[in-house]
Amino acid sequence: MKNSISKVILGSFVVGAVGLAQAQKIDAKAKKILDDITANYNSKKNSYFKFSFGSGVSGQVTKTEPGIYYSAGDKYKLKIMDTEQIYDGNKIYNINADDMEVTIAKPNGSSTMFSPINYLSTYRNDYNVTYNGKKTVNGVNTDFIKLTPVKSNGIKYVYLFVDSAKKQMVKLEQHGNNKDVAVIAIKEYKENQELDPNMFVFDKNKFKNYVITEL
């Protein structure tokens, strides 16, 4: 499970930019739902959610762990188990408490951050989008949308389950070409909270005993 968590923090949920080499097919109904939800998230001062992260193979989730996520503008903080990721708007800090290691890097143009927001926005360039009807997820009547990469990027497809009435994400499923599956199920959502001013700041003084590598 530790390896799966590390993959997610370091890029399992990163969506590769695949360009516009092929013509896209985007269902109009699905597009409106995704655009409405994206606009709703972007209109908030900040967002927070608790979620469960599941991983497995052959489409079956075999392990789950809790996680938390804060975002404000393009900054965010993500924590799953003993692994934490902070993006301060400039650099990404991957903090592994178990191994006592910190890796610092700048985001590159070939990837986007771990965030439902970015799944919602990258579809515009990278995915064919279809509306697959209604499906009940954790007691919520959701709209089921399928994203299929326009060009091979290691992902077979992504399923998005959204509460269109509240304009919120409920669940995401990422299915890889290697049959790996990763799932985020959102449990609790809050917005426009009073956050610590240092929420998205990496303080090196707190990690004096860690091995810190800047790429």
Side-chain angles (χ1 to χ4, degrees), residues 4-5 7-9 11-16 24-44 46-71 76 78-80 112-150 153-191:
S4 296
I5 295 296
K7 284 181 182 179
V8 127
I9 296 294
S12 174
F13 260 92
V14 166
V15 182
Q24 282 181 282
K25 296 179 181 178
I26 300 179
D27 176 86
K29 183 171 184 177
K31 182 180 186 301
K32 185 179 187 310
I33 292 171
L34 296 182
D35 287 350
D36 285 350
I37 294 173
T38 303
N40 181 53
Y41 278 113
N42 289 341
S43 70
K44 310 305 179 185
N46 57 64
S47 299
Y48 159 85
F49 60 80
K50 284 185 179 180
F51 63 89
S52 66
F53 167 72
S55 64
V57 296
S58 299
Q60 298 297 316
V61 172
T62 55
K63 297 283 187 178
T64 59
E65 293 291 340
I68 58 172
Y69 177 85
Y70 289 90
S71 67
Y76 73 85
L78 165 72
K79 187 170 184 180
I80 306 174
T112 60
M113 302 304 157
F114 173 95
S115 165
I117 302 297
N118 289 311
Y119 271 102
L120 295 173
S121 61
T122 55
Y123 87 85
R124 293 181 176 88
N125 294 328
D126 301 343
Y127 291 89
N128 293 318
V129 183
T130 58
Y131 179 77
N132 286 25
K134 294 283 188 176
K135 186 172 183 178
T136 300
V137 176
N138 299 329
V140 179
N141 185 29
T142 69
D143 287 296
F144 173 23
I145 296 171
K146 180 179 179 180
L147 308 182
T148 307
V150 173
N153 64 354
I155 297 172
K156 188 175 182 181
Y157 42 75
V158 177
Y159 292 155
L160 305 179
F161 302 91
V162 300
D163 184 340
S164 295
K166 293 184 177 180
K167 298 182 180 179
Q168 294 177 2
M169 188 71 65
V170 175
K171 185 180 178 182
L172 305 90
E173 295 182 9
Q174 177 181 282
H175 296 260
N177 290 331
N178 59 1
K179 297 186 178 180
D180 284 354
V181 60
V183 178
I184 290 178
I186 296 173
K187 305 296 185 181
E188 179 183 346
Y189 174 75
K190 296 180 181 180
E191 60 191 32

| In a check of ring pair (Phe, Tyr, Trp, His ring centres under 6.0 Å) between Y76 and each of Y41, F49, Y69, which one passes? | Y69

| field | Closest non-hydrogen atom pair, M169 against I37 | value | N-CG2, 4.5 Å

| CG on L34 to CG on L147, rounded to 0.5 Å | 6.5 Å

| More than 12 foreign heavy atoms under 6.0 Å from CD of E188: is that the case here? | yes

| request: May I ask you to decide whether E173 forms a salt bridge with K171, counting only side-chain N to carboxylate O separations under 4.0 Å? | output: yes

| task | Indicate yes or no: at least one non-hydrogen side-chain atom of V129 is less than 4.5 angstrom from one of I145. | result | yes

| task | Among residues two or more places apart or on two chains, list those pairs meeting salt bridge (Lys or Arg N to Asp or Glu O under 4.0 Å) that have a residue in residues 157-167. | result | none

| Looking at K29, K135, K134, which one forms a salt bridge (Lys or Arg N to Asp or Glu O under 4.0 Å) with D143? | K134

| query | Minimum heavy-atom separation for V61 to G54, with atom names? | reply | CG1-CA, 3.7 Å

| task | Drop me the distance from S164's OG to N141's CG, to the nearest 0.5 angstrom. | result | 9.0 Å

| query | At what distance, to the nearest 0.5 angstrom, does OG of S47 lie from NZ of K190? | reply | 13.0 Å

| message | What I'd like to find out is whether the side chain of T142 reaches to under 4.5 Å of the side chain of V162, using heavy atoms alone. | response | no

| query | If we only count heavy atoms from C-beta on, is the Y70 to I68 side-chain gap below 4.5 Å? | reply | yes

| Heavy-atom closest contact (N128 atom, K25 atom, distance) | OD1-N, 2.8 Å

| Test log, rule side chain to side chain contact (heavy atoms under 4.5 Å, CB included), inputs I186 and V170 | CA-CA 5 Å; I186 296 173; V170 175; 6.0 Å; no

| query | Rounded to the nearest 0.5 Å, how far apart are CD1 of I80 and OG of S55? | reply | 9.5 Å

| Would a 4.5 Å heavy-atom cut-off, applied to side chains only, mark L78 and F51 as touching? | yes

| Nearest 0.5 Å, what's the CD1-OG1 distance between I33 and T38? | 11.5 Å

| Taking every non-hydrogen atom, the tightest pair across P149 and Y127 | N-CD2, 3.4 Å

| Say you draw a straight line from CG of L172 to CZ of F161; how long is it, rounded to the nearest 0.5 Å? | 9.0 Å

| message | Go through it in stages, so that I can follow the logic: the residues are N132 and T130, the test is side-chain hydrogen bond (donor to acceptor under 3.5 Å, both in side chains), and I'd like the CA-CA distance, side-chain angles, deciding distance and then a yes or no. | response | CA-CA 6 Å; N132 286 25; T130 58; 3.1 Å; yes

| task | Over all heavy atoms of both residues, which pair between V158 and L160 is shortest? Give the atoms and the distance, please. | result | CG1-CD2, 3.8 Å

| field | Any K50 side-chain heavy atom under 4.5 Å of P66 side chain | value | no

